[in-house]
Trainee: 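One structure is given below, represented as structure tokens, and several questions about it will come after.
Lettering of chains follows the sequences in order, A, B, ..., and the numbering in each one begins at 1. Excluded from the calculations below are hydrogen atoms, water molecules and symmetry mates; all remaining heavy atoms, backbone and side chain alike, are included.
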Number of protein chains: 2
Amino acid sequence: MHGYELRKRLNLMLGWRSLLSYGSLYPALKKMLRAGWIEEHTVLSGATSRRPRIVYEPTDAGRAEFVRLMSEAGPSAWEDDNFDIRFAFFSSTDMEIRLRVLEGRRMRLQERLERVQGQLSLTQKEMDRYAAELQRHGVEQVEREVHWLSELIQAERAGTTAPQQPPGAKA
Amino acid sequence: MHGYELRKRLNLMLGWRSLLSYGSLYPALKKMLRAGWIEEHTVLSGATSRRPRIVYEPTDAGRAEFVRLMSEAGPSAWEDDNFDIRFAFFSSTDMEIRLRVLEGRRMRLQERLERVQGQLSLTQKEMDRYAAELQRHGVEQVEREVHWLSELIQAERAGTTAPQQPPGAKA
DNA sequence: TTCGTCATGTAATGGGTTACATGATTAC
DNA sequence: GTAATCATGTAACCCATTACATGACGAA
């Protein structure tokens, strides 16, 4: 697909907080081109006078690189931003990897909870009302994500033999 | 307070996703010093041979600048990162400003929801299972934050005369 | 004795956003 | 007619993290 279209799609899928900008999109495509991961084809669109689109397609090397990236289940994969991207492409990954990413993410979040809750009792007295409320809400949000992850992990495990619908997806 | 201590405090209050690094903390302090917003005092700590702490204190100009910053209730104040910081210092702000910030934030989140939900029906069929699940969870999280904000707004409004405990704070 | 914490700082590096530049087309 | 969308790109700028540098103290 071409850059403009790609941007729209990515913004739709992952554009909660920030939108992908042209200043990072196009240079990134050029980099992938130089690395040999994608090929470009210029395609004239309907009306002749219109600016031709540059359609990109993954090469074999690119596909291999994608698989390699998706099979990385290390710490970087359970960091906030990376996790979302990894999750969005879960369909292209083995269940083993999916489980490791989900569990890693959950671990990371639980670490955060412990860090805060360990010091919560200490600080709460001297802490500002609003600051405390912010923390309470933060804890709640993280706890909810942990719960969400747990359900997904369960669903993955249940589907050891047959692929499974994640909870919340329409039947 | 001195830099090291400040870092710990801020990480405790706002360090959900990222920890404040020395590389941004100390240069920032120097900048505020040059701007005349803070003063530094070198303080020898208990053991004589220990590295002296550099304790910072706001000047009158600094305090004024703080008040000015806190009374900015424009769009930048309801962006993700800024909002948290603004909220954490709500105690130092008038209720008017607090309300405007809370309502602005809620509006921003509702815009996001509309953007996604408007196109949700269109895309859901051609969308990947996991991508859809990610979106569903994202929507849920945002809806929850909207609800949280609504309660806070109500609490602020109820406390027009007397200052009020935010819901969730201990009585 | 070695590791973690206290405590302050600098330089390089990397990354992304913003703004600019261009120009045709479609919808109001 | 004018604004928004399609469509691709570049350059300047900002800003934050990472890694490095230094050194004393307390605990295991």
Trainee: What closest approach, in Å, do A/L149 and A/R105 show between heavy atoms, and which atom pair accounts for it?
Mentor: CD1-CG, 3.5 Å
Trainee: Can you give me the closest heavy-atom contact between A/R108 and A/P75, atom names plus distance?
Mentor: NH2-CB, 4.1 Å
Trainee: Would one find a side-chain N or O of B/R51 under 4.0 angstrom from OP1 or OP2 of D/dG23?
Mentor: no
Trainee: Output yes when B/R68 and B/E72 qualify as a salt bridge under the 4.0 Å nitrogen-oxygen rule, no when they do not.
Mentor: yes
Trainee: Grab the CG-C1' distance between A/L29 and D/dG9 for me, whole Å please.
Mentor: 11 Å
Trainee: Output the rounded distance in Å from NE2 (B/H2) to P (C/dG9).
Mentor: 11 Å
Trainee: Round to the nearest Å and state the distance from A/L6 atom CG to D/dG9 atom P.
Mentor: 13 Å
Trainee: Find the distance A/L44:CG to D/dT8:P and express it as a whole number of Å.
Mentor: 13 Å
Trainee: Starting from the 5' end of DNA chain C, give me the residue, B/K8 or B/K30, whose nearest nucleotide shows up first.
Mentor: B/K8
Trainee: How far apart are the closest heavy atoms of A/P52 and A/L44, and which atoms are they?
Mentor: CB-CD2, 4.2 Å
Trainee: Give the rounded distance in Å between these two atoms: CZ of A/R7 and C1' of D/dC6.
Mentor: 12 Å
Trainee: State which residues pass side-chain contact (heavy atoms from CB on, under 4.5 Å) with B/W16; sequence neighbours excluded, sorted by chain then number.
Mentor: A/R112, A/V116, A/Q135, A/V139, A/V142
Trainee: Between the protein and nucleotides 16-19 of chain C, list every N/O to N/O distance that falls short of 3.5 Å.
Mentor:
{"from": "C/dT17", "atom 1": "OP2", "to": "A/S21", "atom 2": "OG", "distance (Å)": "2.8"}
{"from": "C/dT17", "atom 1": "OP2", "to": "A/S24", "atom 2": "OG", "distance (Å)": "3.2"}

Trainee: Looking at B/H147, I want to see if its NE2 is surrounded by more than 12 non-hydrogen atoms of other residues, nucleotides or ligands under 6.0 Å.
Mentor: no
Trainee: For B/Y4 and D/dG23, what is the distance between atoms OH and P respectively, to the nearest whole Å?
Mentor: 18 Å
Trainee: So which nucleotide from D/dC6, D/dT10, C/dT10 ends up closest to the side chain of A/Y26?
Mentor: D/dT10
Trainee: Got A/F83 and A/L102 here, is their nearest side-chain heavy-atom distance under 4.5 Å?
Mentor: yes
Trainee: Output the rounded distance in Å from CG (A/N82) to P (C/dG15).
Mentor: 12 Å
Trainee: With a cut-off of less than 4.0 Å, is there a side-chain N or O of B/R53 near OP1 or OP2 of C/dA7?
Mentor: yes
Trainee: Would you mind reading off the distance between A/D81 atom CG and D/dT17 atom P, rounded to a whole angstrom?
Mentor: 13 Å
